[in-house]
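One structure is given below, encoded as C-alpha coordinates.
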There are 2 protein chains.
Amino acid sequence: MTDGRTRRREDTRQRLFVAAVELIAEQGFSATTVDDIAARAGVAKGTVYYNFESKTVLFEELLRHGIGLLTADFRAAVAGLPPREALASLVRAELEYIRRYRAFAQLLLSEMWRTNREWQQTLRLLRGEAIEVIAETVRAGVASGDLPADLDVRTASSALFGVGLVVAVDWLVFQPDRPIEDVQEALLGIVRRVAQT
Amino acid sequence: MTDGRTRRREDTRQRLFVAAVELIAEQGFSATTVDDIAARAGVAKGTVYYNFESKTVLFEELLRHGIGLLTADFRAAVAGLPPREALASLVRAELEYIRRYRAFAQLLLSEMWRTNREWQQTLRLLRGEAIEVIAETVRAGVASGDLPADLDVRTASSALFGVGLVVAVDWLVFQPDRPIEDVQEALLGIVRRVAQT
DNA sequence: ACTTCTAAACTGACTGGTCAGTACAAAAAC
DNA sequence: GTTTTTGTACTGACCAGTCAGTTTAGAAGT
(Lines give C-alpha, C1' and ligand atoms only; values in the text may rest on other atoms or scores of the structure.)
Protein backbone atom coordinates (compact mmCIF):
# COMPACT_ATOMS: atom_id res chain seq x y z
CA MET A 1 0.00 0.00 0.00
CA THR A 2 2.62 2.53 1.03
CA ASP A 3 5.29 1.52 -1.45
CA GLY A 4 7.69 4.10 -2.80
CA ARG A 5 5.38 5.00 -5.61
CA THR A 6 2.29 5.92 -3.68
CA ARG A 7 4.34 7.62 -1.02
CA ARG A 8 6.04 9.71 -3.66
CA ARG A 9 2.77 10.62 -5.24
CA GLU A 10 1.15 11.45 -1.92
CA ASP A 11 4.11 13.66 -1.17
CA THR A 12 3.71 15.47 -4.48
CA ARG A 13 0.00 16.04 -3.87
CA GLN A 14 0.76 17.35 -0.41
CA ARG A 15 3.32 19.78 -1.77
CA LEU A 16 0.81 20.96 -4.36
CA PHE A 17 -1.80 21.49 -1.65
CA VAL A 18 0.60 23.56 0.42
CA ALA A 19 1.69 25.65 -2.56
CA ALA A 20 -1.89 26.19 -3.72
CA VAL A 21 -3.24 27.14 -0.33
CA GLU A 22 -0.55 29.75 0.24
CA LEU A 23 -0.88 31.34 -3.17
CA ILE A 24 -4.68 31.33 -3.20
CA ALA A 25 -4.77 32.79 0.30
CA GLU A 26 -2.56 35.64 -0.85
CA GLN A 27 -4.01 36.33 -4.27
CA GLY A 28 -7.30 34.51 -4.64
CA PHE A 29 -8.24 31.55 -6.82
CA SER A 30 -8.44 33.33 -10.18
CA ALA A 31 -5.27 35.35 -9.77
CA THR A 32 -3.28 32.25 -8.94
CA THR A 33 -1.93 30.43 -11.99
CA VAL A 34 -1.26 26.74 -12.28
CA ASP A 35 2.29 27.62 -13.29
CA ASP A 36 2.71 29.50 -10.01
CA ILE A 37 1.45 26.54 -8.02
CA ALA A 38 3.70 24.11 -9.86
CA ALA A 39 6.72 26.39 -9.46
CA ARG A 40 6.18 26.89 -5.73
CA ALA A 41 5.70 23.14 -5.24
CA GLY A 42 8.87 22.51 -7.20
CA VAL A 43 7.24 20.33 -9.86
CA ALA A 44 6.46 20.66 -13.55
CA LYS A 45 3.10 21.95 -14.68
CA GLY A 46 2.23 18.57 -16.18
CA THR A 47 2.51 17.02 -12.74
CA VAL A 48 -0.33 19.17 -11.51
CA TYR A 49 -2.52 17.74 -14.23
CA TYR A 50 -1.25 14.24 -13.65
CA ASN A 51 -2.40 14.48 -10.04
CA PHE A 52 -5.51 16.61 -10.42
CA GLU A 53 -8.13 16.77 -13.13
CA SER A 54 -8.11 20.56 -13.29
CA LYS A 55 -7.28 23.69 -11.35
CA THR A 56 -10.84 23.76 -10.02
CA VAL A 57 -10.74 20.13 -8.90
CA LEU A 58 -7.42 20.73 -7.16
CA PHE A 59 -9.05 23.58 -5.27
CA GLU A 60 -12.13 21.55 -4.42
CA GLU A 61 -10.05 18.67 -3.07
CA LEU A 62 -8.06 21.22 -1.13
CA LEU A 63 -11.24 22.58 0.43
CA ARG A 64 -12.44 19.07 1.24
CA HIS A 65 -9.13 18.21 2.84
CA GLY A 66 -8.86 21.41 4.85
CA ILE A 67 -12.42 21.56 6.12
CA GLY A 68 -12.32 17.82 6.76
CA LEU A 69 -9.51 18.40 9.24
CA LEU A 70 -11.41 21.26 10.85
CA THR A 71 -14.58 19.20 11.24
CA ALA A 72 -12.58 16.39 12.79
CA ASP A 73 -10.99 18.85 15.24
CA PHE A 74 -14.44 20.16 16.12
CA ARG A 75 -15.77 16.66 16.75
CA ALA A 76 -12.82 15.84 18.96
CA ALA A 77 -13.19 19.12 20.83
CA VAL A 78 -16.79 18.60 21.90
CA ALA A 79 -16.63 14.86 22.57
CA GLY A 80 -18.18 14.08 25.92
CA LEU A 81 -18.28 17.66 27.23
CA PRO A 82 -21.34 19.45 28.65
CA PRO A 83 -22.68 22.28 26.39
CA ARG A 84 -20.99 25.27 28.03
CA GLU A 85 -17.57 23.68 28.19
CA ALA A 86 -18.04 22.21 24.72
CA LEU A 87 -18.64 25.70 23.37
CA ALA A 88 -15.46 27.06 24.91
CA SER A 89 -13.61 24.01 23.67
CA LEU A 90 -14.92 24.70 20.15
CA VAL A 91 -13.59 28.24 20.20
CA ARG A 92 -10.22 26.96 21.35
CA ALA A 93 -10.21 24.28 18.65
CA GLU A 94 -11.09 26.77 15.95
CA LEU A 95 -8.34 29.18 16.94
CA GLU A 96 -5.83 26.40 17.31
CA TYR A 97 -6.74 25.25 13.83
CA ILE A 98 -6.40 28.76 12.41
CA ARG A 99 -3.04 29.13 14.08
CA ARG A 100 -1.82 25.91 12.52
CA TYR A 101 -3.31 26.40 9.08
CA ARG A 102 -3.41 30.17 8.85
CA ALA A 103 -3.17 30.31 5.06
CA PHE A 104 -6.12 27.98 4.72
CA ALA A 105 -8.12 30.04 7.19
CA GLN A 106 -7.35 33.18 5.25
CA LEU A 107 -8.40 31.48 2.05
CA LEU A 108 -11.61 30.30 3.65
CA LEU A 109 -12.46 33.75 4.89
CA SER A 110 -11.93 35.23 1.44
CA GLU A 111 -13.80 32.63 -0.58
CA MET A 112 -16.54 31.63 1.87
CA TRP A 113 -19.12 34.23 0.96
CA ARG A 114 -18.62 34.26 -2.79
CA THR A 115 -21.43 33.43 -5.14
CA ASN A 116 -21.38 32.34 -8.78
CA ARG A 117 -18.21 30.29 -8.64
CA GLU A 118 -17.95 26.67 -9.79
CA TRP A 119 -16.83 25.39 -6.42
CA GLN A 120 -19.36 27.39 -4.45
CA GLN A 121 -21.63 24.36 -4.03
CA THR A 122 -18.80 22.26 -2.64
CA LEU A 123 -17.81 24.95 -0.18
CA ARG A 124 -21.39 25.46 0.95
CA LEU A 125 -21.73 21.77 1.68
CA LEU A 126 -18.48 21.52 3.59
CA ARG A 127 -19.27 24.64 5.57
CA GLY A 128 -22.54 22.99 6.54
CA GLU A 129 -20.75 19.91 7.84
CA ALA A 130 -18.40 21.91 10.04
CA ILE A 131 -21.15 24.13 11.38
CA GLU A 132 -23.38 21.17 12.07
CA VAL A 133 -20.98 20.10 14.81
CA ILE A 134 -21.37 23.51 16.43
CA ALA A 135 -25.11 23.43 15.90
CA GLU A 136 -25.44 20.07 17.65
CA THR A 137 -23.70 21.49 20.68
CA VAL A 138 -25.78 24.66 20.76
CA ARG A 139 -28.97 22.66 20.24
CA ALA A 140 -28.15 20.36 23.11
CA GLY A 141 -27.31 23.34 25.31
CA VAL A 142 -30.55 25.13 24.56
CA ALA A 143 -32.54 21.94 25.12
CA SER A 144 -30.92 21.26 28.48
CA GLY A 145 -31.21 24.86 29.62
CA ASP A 146 -27.46 25.39 29.81
CA LEU A 147 -27.72 28.05 27.12
CA PRO A 148 -30.25 30.88 26.73
CA ALA A 149 -33.58 29.56 25.44
CA ASP A 150 -33.99 32.43 22.99
CA LEU A 151 -30.77 31.57 21.18
CA ASP A 152 -31.43 30.80 17.50
CA VAL A 153 -29.42 27.66 16.81
CA ARG A 154 -28.66 28.19 13.14
CA THR A 155 -27.73 31.83 13.60
CA ALA A 156 -25.67 31.35 16.71
CA SER A 157 -23.75 28.48 15.12
CA SER A 158 -22.79 30.26 11.92
CA ALA A 159 -22.08 33.46 13.82
CA LEU A 160 -19.74 31.61 16.15
CA PHE A 161 -17.96 29.99 13.23
CA GLY A 162 -17.62 33.21 11.24
CA VAL A 163 -16.67 35.38 14.15
CA GLY A 164 -13.80 33.15 15.18
CA LEU A 165 -12.56 33.14 11.62
CA VAL A 166 -12.76 36.88 11.09
CA VAL A 167 -11.33 37.90 14.44
CA ALA A 168 -8.41 35.51 14.20
CA VAL A 169 -7.53 36.29 10.59
CA ASP A 170 -7.88 39.99 11.21
CA TRP A 171 -5.44 39.66 14.02
CA LEU A 172 -3.05 37.63 11.91
CA VAL A 173 -3.15 40.03 8.97
CA PHE A 174 -3.32 43.39 10.70
CA GLN A 175 -1.72 42.80 14.08
CA PRO A 176 0.60 39.83 13.56
CA ASP A 177 2.87 40.96 16.38
CA ARG A 178 0.25 39.96 18.95
CA PRO A 179 0.14 36.39 20.27
CA ILE A 180 -2.94 34.35 19.35
CA GLU A 181 -3.58 33.63 23.02
CA ASP A 182 -4.92 37.16 23.39
CA VAL A 183 -7.51 36.55 20.68
CA GLN A 184 -8.47 33.34 22.37
CA GLU A 185 -9.00 35.11 25.68
CA ALA A 186 -11.01 37.93 24.09
CA LEU A 187 -13.17 35.53 22.10
CA LEU A 188 -13.75 33.21 25.01
CA GLY A 189 -14.77 36.19 27.09
CA ILE A 190 -17.29 37.27 24.48
CA VAL A 191 -18.69 33.79 23.99
CA ARG A 192 -18.97 33.26 27.72
CA ARG A 193 -20.88 36.50 28.13
CA VAL A 194 -23.19 35.71 25.25
CA ALA A 195 -23.79 32.19 26.53
CA GLN A 196 -24.92 33.47 29.92
CA THR A 197 -28.49 32.48 30.70
CA MET B 1 -19.44 72.71 -11.79
CA THR B 2 -22.55 70.55 -12.14
CA ASP B 3 -23.31 71.32 -15.76
CA GLY B 4 -24.90 68.68 -17.95
CA ARG B 5 -21.61 67.30 -19.08
CA THR B 6 -20.12 66.57 -15.68
CA ARG B 7 -23.42 65.23 -14.45
CA ARG B 8 -23.64 62.85 -17.36
CA ARG B 9 -20.10 61.72 -16.82
CA GLU B 10 -20.69 61.31 -13.12
CA ASP B 11 -23.68 59.16 -13.98
CA THR B 12 -21.59 56.96 -16.24
CA ARG B 13 -18.97 56.55 -13.56
CA GLN B 14 -21.69 55.67 -11.07
CA ARG B 15 -23.13 53.01 -13.37
CA LEU B 16 -19.67 51.58 -13.84
CA PHE B 17 -19.18 51.48 -10.08
CA VAL B 18 -22.45 49.64 -9.59
CA ALA B 19 -21.69 47.14 -12.33
CA ALA B 20 -18.16 46.56 -11.06
CA VAL B 21 -19.14 46.15 -7.43
CA GLU B 22 -21.77 43.53 -8.22
CA LEU B 23 -19.56 41.50 -10.51
CA ILE B 24 -16.51 41.67 -8.26
CA ALA B 25 -18.59 40.73 -5.22
CA GLU B 26 -19.82 37.62 -7.03
CA GLN B 27 -16.66 36.54 -8.77
CA GLY B 28 -13.72 38.42 -7.36
CA PHE B 29 -11.51 41.06 -8.95
CA SER B 30 -9.44 38.84 -11.23
CA ALA B 31 -12.34 36.78 -12.52
CA THR B 32 -14.26 39.90 -13.50
CA THR B 33 -13.43 41.22 -16.96
CA VAL B 34 -13.59 44.79 -18.14
CA ASP B 35 -15.90 43.66 -20.95
CA ASP B 36 -18.28 42.24 -18.35
CA ILE B 37 -18.31 45.48 -16.41
CA ALA B 38 -18.92 47.56 -19.52
CA ALA B 39 -21.70 45.24 -20.68
CA ARG B 40 -23.47 45.24 -17.32
CA ALA B 41 -23.20 49.04 -17.12
CA GLY B 42 -24.60 49.29 -20.64
CA VAL B 43 -21.57 51.15 -21.86
CA ALA B 44 -18.90 50.62 -24.50
CA LYS B 45 -15.57 49.27 -23.37
CA GLY B 46 -13.83 52.42 -24.53
CA THR B 47 -15.94 54.41 -22.08
CA VAL B 48 -14.46 52.49 -19.19
CA TYR B 49 -11.02 53.58 -20.27
CA TYR B 50 -12.17 57.11 -20.99
CA ASN B 51 -13.36 57.38 -17.39
CA PHE B 52 -10.76 55.27 -15.59
CA GLU B 53 -7.08 54.81 -16.14
CA SER B 54 -7.19 51.05 -15.74
CA LYS B 55 -9.17 48.20 -14.23
CA THR B 56 -7.09 48.42 -11.07
CA VAL B 57 -7.64 52.18 -10.74
CA LEU B 58 -11.37 51.71 -11.27
CA PHE B 59 -11.34 49.24 -8.41
CA GLU B 60 -9.27 51.48 -6.16
CA GLU B 61 -11.57 54.44 -6.75
CA LEU B 62 -14.48 52.14 -6.06
CA LEU B 63 -12.95 51.17 -2.73
CA ARG B 64 -12.28 54.80 -1.89
CA HIS B 65 -15.84 55.75 -2.78
CA GLY B 66 -17.49 52.89 -0.90
CA ILE B 67 -15.43 53.11 2.27
CA GLY B 68 -15.70 56.91 2.14
CA LEU B 69 -19.47 56.57 2.42
CA LEU B 70 -19.12 54.10 5.27
CA THR B 71 -16.75 56.36 7.18
CA ALA B 72 -19.12 59.29 6.73
CA ASP B 73 -22.00 57.16 8.04
CA PHE B 74 -19.88 56.18 11.02
CA ARG B 75 -19.04 59.82 11.77
CA ALA B 76 -22.68 60.82 11.54
CA ALA B 77 -23.70 57.90 13.76
CA VAL B 78 -21.46 58.77 16.70
CA ALA B 79 -21.82 62.56 16.51
CA GLY B 80 -22.60 63.95 19.95
CA LEU B 81 -23.52 60.63 21.59
CA PRO B 82 -22.05 59.28 24.83
CA PRO B 83 -19.78 56.20 24.35
CA ARG B 84 -22.29 53.41 25.08
CA GLU B 85 -24.99 54.81 22.86
CA ALA B 86 -22.42 55.74 20.21
CA LEU B 87 -21.31 52.11 20.09
CA ALA B 88 -24.84 50.85 19.57
CA SER B 89 -25.37 53.55 16.98
CA LEU B 90 -22.24 52.39 15.16
CA VAL B 91 -23.50 48.83 14.95
CA ARG B 92 -26.80 50.09 13.58
CA ALA B 93 -25.01 52.29 11.06
CA GLU B 94 -22.80 49.45 9.89
CA LEU B 95 -25.71 47.09 9.36
CA GLU B 96 -27.77 49.77 7.67
CA TYR B 97 -24.84 50.38 5.35
CA ILE B 98 -24.44 46.68 4.61
CA ARG B 99 -28.14 46.41 3.88
CA ARG B 100 -27.97 49.29 1.42
CA TYR B 101 -24.71 48.32 -0.23
CA ARG B 102 -24.72 44.57 0.25
CA ALA B 103 -22.61 43.84 -2.83
CA PHE B 104 -19.93 46.23 -1.65
CA ALA B 105 -19.96 44.70 1.80
CA GLN B 106 -19.58 41.24 0.30
CA LEU B 107 -16.71 42.48 -1.82
CA LEU B 108 -15.07 44.08 1.20
CA LEU B 109 -15.35 40.89 3.20
CA SER B 110 -13.74 38.88 0.40
CA GLU B 111 -10.90 41.25 -0.36
CA MET B 112 -10.19 42.72 3.05
CA TRP B 113 -7.72 40.16 4.32
CA ARG B 114 -5.82 39.54 1.10
CA THR B 115 -2.13 40.13 0.87
CA ASN B 116 0.07 40.63 -2.19
CA ARG B 117 -2.41 42.50 -4.36
CA GLU B 118 -1.68 45.88 -5.99
CA TRP B 119 -4.57 47.62 -4.24
CA GLN B 120 -3.87 46.07 -0.84
CA GLN B 121 -2.16 49.23 0.41
CA THR B 122 -5.12 51.39 -0.56
CA LEU B 123 -7.55 49.06 1.16
CA ARG B 124 -5.43 48.93 4.30
CA LEU B 125 -5.39 52.69 4.50
CA LEU B 126 -9.13 53.08 3.97
CA ARG B 127 -9.88 50.35 6.49
CA GLY B 128 -7.77 52.28 8.97
CA GLU B 129 -9.81 55.44 8.40
CA ALA B 130 -13.14 53.70 8.99
CA ILE B 131 -11.90 51.85 12.06
CA GLU B 132 -10.38 55.02 13.48
CA VAL B 133 -13.92 56.36 13.98
CA ILE B 134 -14.80 53.29 16.01
CA ALA B 135 -11.51 53.48 17.86
CA GLU B 136 -12.13 57.10 18.89
CA THR B 137 -15.43 56.10 20.42
CA VAL B 138 -14.00 53.11 22.25
CA ARG B 139 -11.05 55.15 23.45
CA ALA B 140 -13.33 57.86 24.82
CA GLY B 141 -15.50 55.23 26.52
CA VAL B 142 -12.57 53.52 28.17
CA ALA B 143 -11.15 56.86 29.32
CA SER B 144 -14.45 57.99 30.82
CA GLY B 145 -15.12 54.65 32.47
CA ASP B 146 -18.22 53.96 30.42
CA LEU B 147 -16.56 50.93 28.89
CA PRO B 148 -14.46 48.19 30.59
CA ALA B 149 -10.98 49.47 31.40
CA ASP B 150 -9.31 46.26 30.23
CA LEU B 151 -10.70 46.63 26.71
CA ASP B 152 -7.91 46.84 24.14
CA VAL B 153 -8.89 49.71 21.86
CA ARG B 154 -7.28 48.53 18.64
CA THR B 155 -8.50 44.99 19.02
CA ALA B 156 -12.00 45.85 20.10
CA SER B 157 -12.41 48.31 17.23
CA SER B 158 -11.30 46.00 14.46
CA ALA B 159 -13.20 43.11 16.01
CA LEU B 160 -16.37 45.17 16.09
CA PHE B 161 -15.91 46.21 12.49
CA GLY B 162 -15.14 42.71 11.22
CA VAL B 163 -17.78 40.96 13.25
CA GLY B 164 -20.56 43.16 11.95
CA LEU B 165 -19.37 42.55 8.44
CA VAL B 166 -19.09 38.80 8.73
CA VAL B 167 -22.31 38.23 10.62
CA ALA B 168 -24.35 40.40 8.27
CA VAL B 169 -22.89 39.00 5.06
CA ASP B 170 -23.20 35.46 6.37
CA TRP B 171 -26.83 36.10 6.98
CA LEU B 172 -27.32 37.66 3.57
CA VAL B 173 -25.61 34.83 1.73
CA PHE B 174 -26.70 31.81 3.72
CA GLN B 175 -30.01 32.86 5.26
CA PRO B 176 -31.34 35.59 2.95
CA ASP B 177 -34.93 34.81 3.94
CA ARG B 178 -34.36 36.33 7.38
CA PRO B 179 -34.84 40.08 7.90
CA ILE B 180 -31.74 42.11 8.74
CA GLU B 181 -33.42 43.43 11.88
CA ASP B 182 -32.80 40.08 13.53
CA VAL B 183 -29.08 40.37 12.90
CA GLN B 184 -29.14 43.86 14.32
CA GLU B 185 -30.85 42.66 17.49
CA ALA B 186 -28.45 39.75 17.92
CA LEU B 187 -25.40 41.88 17.31
CA LEU B 188 -26.58 44.68 19.57
CA GLY B 189 -27.19 42.13 22.27
CA ILE B 190 -23.68 40.77 21.94
CA VAL B 191 -22.08 44.20 21.85
CA ARG B 192 -24.09 45.35 24.86
CA ARG B 193 -23.02 42.33 26.86
CA VAL B 194 -19.39 42.78 25.92
CA ALA B 195 -19.52 46.51 26.68
CA GLN B 196 -20.75 45.86 30.20
CA THR B 197 -18.38 47.19 32.88
C1' DA C 1 23.34 -10.13 -7.83
C1' DC C 2 22.46 -7.69 -12.12
C1' DT C 3 20.31 -6.77 -16.07
C1' DT C 4 15.93 -6.11 -18.73
C1' DC C 5 11.08 -4.77 -18.72
C1' DT C 6 6.95 -2.12 -17.50
C1' DA C 7 3.98 0.92 -15.76
C1' DA C 8 3.61 4.91 -12.87
C1' DA C 9 5.23 9.45 -12.21
C1' DC C 10 6.90 13.38 -14.06
C1' DT C 11 8.50 16.89 -17.61
C1' DG C 12 8.20 21.16 -20.35
C1' DA C 13 7.31 22.93 -24.91
C1' DC C 14 3.25 23.89 -27.26
C1' DT C 15 -1.77 25.26 -28.42
C1' DG C 16 -5.94 27.65 -28.44
C1' DG C 17 -8.44 30.79 -26.20
C1' DT C 18 -9.12 34.82 -23.24
C1' DC C 19 -8.50 39.34 -21.79
C1' DA C 20 -6.45 44.13 -20.56
C1' DG C 21 -5.55 47.78 -22.93
C1' DT C 22 -5.19 50.63 -27.53
C1' DA C 23 -6.75 53.06 -31.75
C1' DC C 24 -9.73 55.85 -33.95
C1' DA C 25 -13.47 57.52 -36.84
C1' DA C 26 -18.02 58.65 -36.37
C1' DA C 27 -21.96 59.97 -33.58
C1' DA C 28 -24.36 62.01 -29.75
C1' DA C 29 -24.82 65.16 -25.98
C1' DC C 30 -24.21 69.51 -24.25
C1' DG D 1 -17.08 73.41 -31.15
C1' DT D 2 -15.92 70.74 -27.26
C1' DT D 3 -16.61 66.83 -24.33
C1' DT D 4 -18.20 62.39 -23.91
C1' DT D 5 -19.63 58.06 -25.72
C1' DT D 6 -19.88 54.43 -29.25
C1' DG D 7 -18.45 50.47 -32.03
C1' DT D 8 -15.33 47.80 -33.94
C1' DA D 9 -11.07 46.02 -34.71
C1' DC D 10 -6.65 45.03 -33.14
C1' DT D 11 -2.32 43.64 -30.29
C1' DG D 12 0.36 41.33 -27.17
C1' DA D 13 0.63 39.05 -22.95
C1' DC D 14 -0.89 35.53 -20.28
C1' DC D 15 -2.71 31.15 -18.99
C1' DA D 16 -5.47 26.52 -18.58
C1' DG D 17 -4.96 22.46 -20.36
C1' DT D 18 -2.49 18.85 -23.64
C1' DC D 19 0.73 15.55 -25.07
C1' DA D 20 4.85 13.20 -26.78
C1' DG D 21 8.69 12.11 -24.57
C1' DT D 22 11.86 11.13 -20.21
C1' DT D 23 12.80 9.41 -15.68
C1' DT D 24 12.08 6.31 -11.86
C1' DA D 25 10.60 2.51 -8.84
C1' DG D 26 10.44 -1.89 -8.49
C1' DA D 27 8.88 -6.48 -10.58
C1' DA D 28 10.41 -10.35 -13.40
C1' DG D 29 13.68 -12.92 -15.61
C1' DT D 30 18.42 -15.01 -15.65
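Values in this document were obtained by computation on a predicted structure and should not be read as measured data.
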Exercise. Hey, could you give me each pair passing salt bridge (charged side-chain N to carboxylate O under 4.0 Å, His left out) that has a residue in residues 156-177 of chain A? Not counting sequence neighbours.
Key: A/Asp170-B/Arg127

Quiz item: Are any of B/Thr12's side-chain N or O atoms less than 4.0 Å away from OP1 or OP2 of D/dT5?
Solution: yes

Quiz item: Hey, is the main chain of B/Asp146 close enough, under 3.5 Å, to the side chain of B/Arg84 for a donor-acceptor pair?
Solution: yes

Exercise. May I have the distance from B/Tyr50 (atom OH) to D/dG7 (atom P), rounded to whole angstrom?
Key: 17 Å

Quiz item: What about A/Lys55: does its side chain form a donor-acceptor pair under 3.5 Å with the base of D/dG17?
Solution: no

Exercise. Mind checking A/Thr32 for me? I need base, sugar-phosphate or nothing, with any heavy atom below 4.0 Å counting as a touch.
Key: sugar-phosphate

Quiz prompt | Salt-bridge contact B/Asp11-B/Arg15 (side-chain N to carboxylate O under 4.0 Å) | solution = yes

Practice problem: Any chance you could measure A/Gln120, atom CD, to A/Leu125, atom CG, to the nearest 0.5 Å? | Solution: 11.5 Å

Quiz item: Nearest-Å distance, CG (A/Leu16) to P (D/dG17)?
Solution: 14 Å

Exercise. In whole angstrom, give the distance that lies between atom CD of B/Glu118 and atom P of C/dA20.
Key: 12 Å

Quiz item: If only side-chain N and O atoms of B/Thr33 are considered, is one of them under 4.0 Å from the OP1 or OP2 phosphate oxygen of C/dC19?
Solution: no

Quiz item: Is there a residue in residues 57-65 of chain A whose heavy atoms reach under 4.0 Å of DNA chain D, and which residues are they?
Solution: none

Self-check item: Rounded interatomic separation in angstrom, taking CG from B/Asp35 and C1' from C/dT22
Solution: 13 Å

Practice problem: Could you say whether B/Phe29 or A/Asn51 is positioned toward the 5' end of DNA chain C, judged by the nucleotide with the nearest heavy atom to each? | Solution: A/Asn51

Self-check item: Nucleotide C/dC10, atom P - distance to OH of A/Tyr49 in whole Å
Solution: 16 Å

Quiz item: Using a distance-only test with no angle check, is there a side-chain donor-acceptor pair under 3.5 angstrom linking A/Glu129 and A/Thr71?
Solution: no

Quiz item: How would you label the contact of A/Val43 with the nucleic acid (heavy atoms, under 4.0 Å): base, sugar-phosphate, or nothing?
Solution: sugar-phosphate

Exercise. Hey, which sits more toward the 5' end of DNA chain D by its nearest nucleotide, B/Lys45 or B/Arg9?
Key: B/Arg9

Quiz item: Hey, is B/Arg117 close enough to B/Glu111 for a salt bridge, meaning N to O under 4.0 Å?
Solution: no

Quiz item: Please give, in whole Å, the distance from D/dT5 P to B/Arg7 CZ?
Solution: 14 Å

Quiz item: Rounded to the nearest Å, what distance is computed from the CG atom of residue A/Asp11 to the P atom of nucleotide D/dT24?
Solution: 16 Å

Quiz item: Can you tell me if B/Ser89 uses its side chain to pair, donor with acceptor, with the backbone of B/Glu85 under 3.5 Å?
Solution: no

Quiz prompt | Whole-Å distance separating the CZ atom of B/Arg8 from the P atom of D/dT3 | solution = 13 Å

Quiz prompt | Side-chain N,O (A/Thr47) to OP1/OP2 (C/dA9) below 4.0 Å | solution = no

